[in-house]
Undergrad: 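My questions will all concern the structure given below.
Residue numbers start from 1 in every chain, and the chains themselves are labelled A, B, ... in the order their sequence lines are given, proteins ahead of strands.
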Amino acid sequence: MAVVPKFVGERIKRREDPRLISGTATYVDDVRLPDTLAAVVLRSPYPHARINSIDVAAARSAPGVVAVLTGGDLKDKVGGIPCVAPAEHIPFHPLLAQGKVRFVGESVAIVVASDAYKAQDAADLIDVDYNPLDAVSDPEKALEDGAPVLHEEFGNNLVTRALVPNPAVDEAIAKADKVIKFRIVNQRLAPVPMEPRGVLANWHQASGHLTIWTSTQIPHLLRSGLAAVLGLPENRVRVIAPEVGGGFGAKLNFYREEALVAYLSRMLGRPVKWIERRRENLAATTHGRDQITYLEVPVKKDGTVLGIKAKFICDMGAYLQLLTPAIPGFSGLMMTGCYKIPAMSFEQVMVFTNKMATDAYRGAGRPEAAYIAERTMDMVAGELGLDPVEVRRRNFIPKEAFPYATCAGLVYDSGDYNAALNKALEIVDYPKMRAEQADALKHGRYVGIGIASYVEICGLGPSVMLPPKVPGWESATVRMEPDSRVTVLTGISPHGQGQETTFAQMAADAFGIDIDDVAVVHGDTAIVQYGVGTFGSRGLSVGGAALMMSVGKVQDKLKKIASTMMEAPPDQLTFANRTVALKSDAAKSIPLQAVVDAAYGWKMPIPGMEPGLDATSVFEPAGCTFPFGTHISVVEIDPDTGVVKFLRYIAVDDCGNIISPLLVAGQVHGGIAQGIAQALYEEVVYDENGQLVTATLMDYAAPRAQMLPRYELAHTVTPSPLNPMGVKGVGEAGTIGSTPCVVNAVMDALKPLGIRHIDMPLRPEKLWRAIKDAKKA
Amino acid sequence: MFPGQFEYHRAASIKDALDLLKRYGDDAKLLSGGHSLIPMMKLRLAQPAHLIDVTKIAEMRAISESGGKIVIGAAASHDAVANSSLVRDKLGLLAEAAAAIGDVQVRNRGTIGGSLTHADPAADYPAAVLALEGEIKLERDGGARTIKAADFFLDLMTTAVQPGELLSQIAFAPIPTGTGYSYQKYPHPASGFAMVGVAALVSLDRSGKIASSRVGVTGLGAKAFRASAVEAALAGKAADAATIAAAAARTADGIDALGDIHASSEYRAELARVYARRTIQAAVARAKA
């Protein structure tokens with residue numbers, strides 16, 4: 001009999017890729033139903049304006065137009081967009097503006113026509129009489145007296161104020177050798193998934209069923225949300241996330257258009273489709289980051305950090321999306337990083353501004369935290385004249401201390417921060433690189449070495465950590481079919497992560513079958529049991545753990561049945577080469593198919609046992625996993641132009657045990673690309689009047705391959721004790737480690753000029769100006 | 001993105017295109033690749049009722065040598081220009097500029113005539129066409145005229161092309177052997193256009209002094225231009241670093257520099273000086289080689 005190989009840990013090519021790279025995958029826009037109508041959304045060109053009137057008469061009578069809705073048509077007929085995170089002020093979030101617009105791109109009307117061209121023609125005929133109001137785009141200015149108020153009912157622009165006090169920090173500040181103070185900005189970013197959002201809704205009049213295809217990361221949570229907003233029973237709503245072309249957190253949400261299109265399909269009794277355009281994606285899909293942080297860091301002369309005190313100003317935008325006010329909390333809780341800092345405190349002031357809402361974007365609060373921690377370490381090193389490696393080593397949580405309870409109240413599961421740092425230093429050859437840097441400087445070349453030792457938080461759990469409607473558990477069903485092939489139904493909703501491959505590797509090994517004998521199904525609420533979704537690098541650590549629970553249950557049943565056929569105790573049996581075999585003697589086996597036949601047969605071998613071979617499980621994580629690593633970049637700054645050139649980029653990541661090395665590398669590559677882009681290129685810019693300047697990809701600098709270095713990847717492996725696979729998660733690690741690593745490298749290069757800090761993105765002009773000013777001084 | 005309604009016409013010949021232009025007048029736009037026009041139509045910033053596609057006219061796609069000139073059809077794609085052995089051998093500067101445009105997809109569809117007539121202030125071609133002193137042929141009903149590149153670009157997205165005219169070809173004298181050239185750009189981090197692009201041609205005399213130079217600059221101001229102050233400062237001088245630096249320092253003289261969030265006018269002017277210096281240095285190095 002042919003030997004079935006093992007798959008876990010092997011470099012398996014993604015099984016998703018052939019359809020993705022051959023253009024045969026089915027995205028929302030590829031789903032074609034007969035008689036589908038097209039919707040186009042009319043959006044506000046103003047950041048802040050009162051709507052005096054909307055004249056839709058010409059649009060309604062335009063050729064092909066079936067319906068035109070404005071805010072007035074929806075008033076009291078449909079709910080608003082939910083925000084499930086707690087906040088002092090949560091405004092009503094309408095599907096179409098009600099009397100007032102609060103950001104450029106806010107939906108004002110929706111036109112439904114026989115095709116999108118006619119819908120756009122008609123939208124152009126809508127006459128909205130706006131009375132422009134003063135707008136505010138700077139969150140600090142939005143807090144000042146006299147600032148334009150977005151939501152009059154609150155009297156000011158405060159969303160909420162979160163305080164995590166700790167008098168020990170003030171004591172540390174009082175007795176420290178030195179207190180380092182600085183202000184840093186995590187600028188606003190646009191997630192820019194390759195596939196923008198899109199929704200197709202189909203209301204079945206006869207059965208009262210609604211089916212929605214939407215580009216989402218959370219089909220089940222969205223089903224609950226849609227049912228509530230539309231007033232439908234959940235068992236009559238089916239959400240399908242077909243192929244989803246990237247989300248990066250922006251599709252971990254519930255959007256106006258999802259409810260609007262569903263509402264219209266029900267109203268019209270016909271399928272309605274809306275596909276987001278790139279301009280809409282940049283204006284009206286959630287943004288990320290946008291935090292200003294004021295830091296005070298008490299230190300001892302030897303580089304020991306005694307505490308961190310922070311004040312955050314967090315720009316929430318004009319409305320609150322699903323988790324908007326929940327994101328900054330992670331920045332505060334994780335800002336002590338890999339370090340045994342005895343005390344921390346923070347205040348977060350969350351603010352309304354005339355901008356699109358912020359929400360989760362790859363890393364969601366942790367990139368900001370790692371940026372704070374790692375800029376802090378370099379600031380400490382710089383101010384005390386110490387090597388940044390030494391400062392990190394002095395403050396690292398030692399590996400013996402895990403599980404480690406941080407001063408923020410988190411429990412880090414496992415870690416060995418020195419091991420990752422040492423490996424990265426070894427790869428870059430740190431002493432040699434420092435010597436080369438010094439030599440380069442003698443020749444007028446500004447070379448910098450940047451280090452970031454990050455830790456982040458994945459697989460959020462237990463559920464009590466999260467808002468009730470976005471819990472931390474995950475589900476999986478494993479079904480061994482009558483032909484002994486396996487179907488996995490997972491509650492996560494992969495959109496590029498590759499679990500059709502990873503989960504197949506895991507299930508194949510567990511049952512001793514081929515990877516091609518496993519099918520992984522996700523993203524359809526009518527097929528898959530209720531689940532939570534894909535975000536926060538939870539797919540494998542939580543979704544995979546649920547999978548292994550169900551795998552175990554099916555294995556147990558197979559073993560029980562086999563034991564009666566083999567006359568051996570179940571615990572002495574194992575699965576290999578499509579057989580159930582004795583652990584002690586693989587030659588003593590029976591075909592897996594024979595056991596499956598028995599399980600599906602007319603007479604169960606064990607009296608009372610239910611026929612069939614499936615199991616559903618829910619994994620509730622006992623705690624979060626904390627992946628970590630060290631990234632090192634070496635850059636050179638062209639002093640004539642301020643352009644940053646990469647000489648080296650090394651990433652040592654520890655995501656625990658690795659199931660699928662190629663997929664891990666892919667995640668790290670993509671993550672670093674987005675992290676470098678935050679450091680050097682990307683920024684959503686609104687001008688001081690609230691107008692969106694980066695309205696197209698001609699202005700918003702999303703990274704291209706040629707703007708990025710070659711990566712040198714390596715790993716250390718520190719398993720997590722919190723799930724059966726010992727995995728931690730790797731979806732966001734690259735983004736989190738790379739941003740501070742690159743900024744630290746650039747600042748290291750400019751250190752000889754006395755330059756202390758420049759805010760991101762480190763556009764060449766900013767560096768050129770700083771160099772020019774420094775040379776003048 | 002959904003443009004307004006328009007009618008598409010595929011011109012079979014230059015005459016056909018001119019007839020269509022005459023018939024539809026201001027309601028028509030020539031389509032020659034469409035990399036600028038189509039996005040503007042999708043945003044409904046442009047809503048022509050008629051598009052006249054000139055890219056299928058064989059004579060407008062041709063790249064040939066005739067009468068001692070290299071003649072590039074206006075509908076030749078950037079890729080065709082960049083990879084034409086004739087252009088690479090005799091007009092290397094133009095090939096370099098073509099290869100620096102956009103990405104593969106853009107170079108496969110975009111055309112030299114489309115780029116020149118659109119006259120985007122940050123387009124790559126104008127710098128090279130100015131430095132190479134291209135002769136631009138404009139066809140019209142009942143005749144044609146040829147104008148110099150220096151007279152072609154009038155202002156921001158404004159050229160000497162008159163209503164009813166069609167740019168059919170650009171002719172260039174081959175670059176003499178012994179003349180060095182270089183095109184270098186700083187790409188805009190979002191659009192890939194030239195934040196600043198400089199095309200330089202330098203000829204040395206027997207003593208190694210600069211006999212002549214031609215420097216075209218794009219991206220800096222409302223239109224691409226010849227940096228005559230730089231050329232004058234180089235003329236007759238030793239081709240050394242100090243001379244080049246002093247000459248390049250005059251690149252932005254008298255120019256009202258553009259600015260955006262990625263580069264202010266002050267920084268763009270500095271980029272122009274730095275890129276002029278580097279481009280001239282590279283051209284000199286090649287002239288010496």
Undergrad: Taking B/His262 for the side chain and A/Asp699 for the main chain, is one N or O donor matched with an acceptor at less than 3.5 Å?
TA: yes

Undergrad: Above 12 or not: heavy atoms from other molecules or residues under 6.0 Å from CZ of B/Arg250?
TA: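 It does not: B/Arg250 CZ has 12 such atoms or fewer within range.
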
Undergrad: To the nearest 0.5 Å, what is the distance between CZ on A/Arg769 and CD on B/Glu270?
TA: 10.5 Å

Undergrad: Side chain, backbone, both or neither: which part of A/Asp638 has a non-hydrogen atom closer than 4.5 Å to chain B?
TA: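 The side chain, not the backbone.
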
Undergrad: To the nearest 0.5 Å, what is the distance between CZ (B/Phe2) and CG (A/Asp115)?
TA: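 Reported value, rounded in 0.5 Å steps: 8.5 Å.
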
Undergrad: Side chain, backbone, both or neither: which part of A/Tyr700 has a heavy atom under 4.5 Å from chain B?
TA: backbone

Undergrad: Of the listed residues (B/Gly4, B/Ser264, B/Pro187), which shares the most heavy-atom pairs with chain A below a 4.5 Å separation?
TA: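 Ranked by heavy-atom pairs under 4.5 Å with chain A, first place is B/Ser264.
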
Undergrad: Select one option (side chain, backbone, both, neither) describing which atoms of A/Pro764 are under 4.5 Å from chain B's heavy atoms.
TA: both

Undergrad: Select one option (side chain, backbone, both, neither) describing which atoms of A/Thr694 are under 4.5 Å from chain B's heavy atoms.
TA: side chain

Undergrad: With only heavy atoms counted, which part of A/Asp124 is less than 4.5 Å from chain B, the side chain, the backbone, both or neither?
TA: side chain

Undergrad: Between B/Arg44 and chain A, which part of the residue has a heavy atom less than 4.5 Å away: side chain, backbone, both or neither?
TA: side chain

Undergrad: With rounding to the nearest 0.5 Å, note down the distance linking CZ in B/Phe193 to CE in A/Met698.
TA: 4.5 Å

Undergrad: What residue, out of B/Gly192, B/Ala263, B/Pro189, has the most heavy-atom pairs lying under 4.5 Å from chain A?
TA: B/Pro189

Undergrad: With only heavy atoms counted, which part of B/Ile261 is less than 4.5 Å from chain A, the side chain, the backbone, both or neither?
TA: both

Undergrad: Examine whether an atom of A/Lys772 lies under 4.5 Å from a heavy atom of chain B, and if so say whether it belongs to the side chain, the backbone or both; otherwise answer neither.
TA: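 The side chain, not the backbone.
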
Undergrad: Below 4.5 Å, heavy-atom pairs only: which of B/Pro3, B/Pro39, B/Ala190 has the largest tally toward chain A?
TA: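 The option with the most such pairs is B/Ala190.
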
Undergrad: Heavy-atom pairs under 4.5 Å with chain B are the metric here; pick the option from A/Ala701, A/Gly642, A/Ala119 that has the most.
TA: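 Most heavy-atom pairs under 4.5 Å with chain B: A/Ala701.
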
Undergrad: Could you tell me which of B/His188, B/Arg268, B/Gln5, B/Glu266 has the largest number of non-hydrogen atom pairs under 4.5 Å with chain A?
TA: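 Heavy-atom pair counts peak at B/Glu266.
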
Undergrad: Would you call A/Asp640-B/Arg277 a salt bridge at under 4.0 Å N-O?
TA: yes

Undergrad: What orientation do A/Trp768 and B/Tyr267 show, parallel under 30°, tilted 30 to 60°, or perpendicular over 60°?
TA: tilted

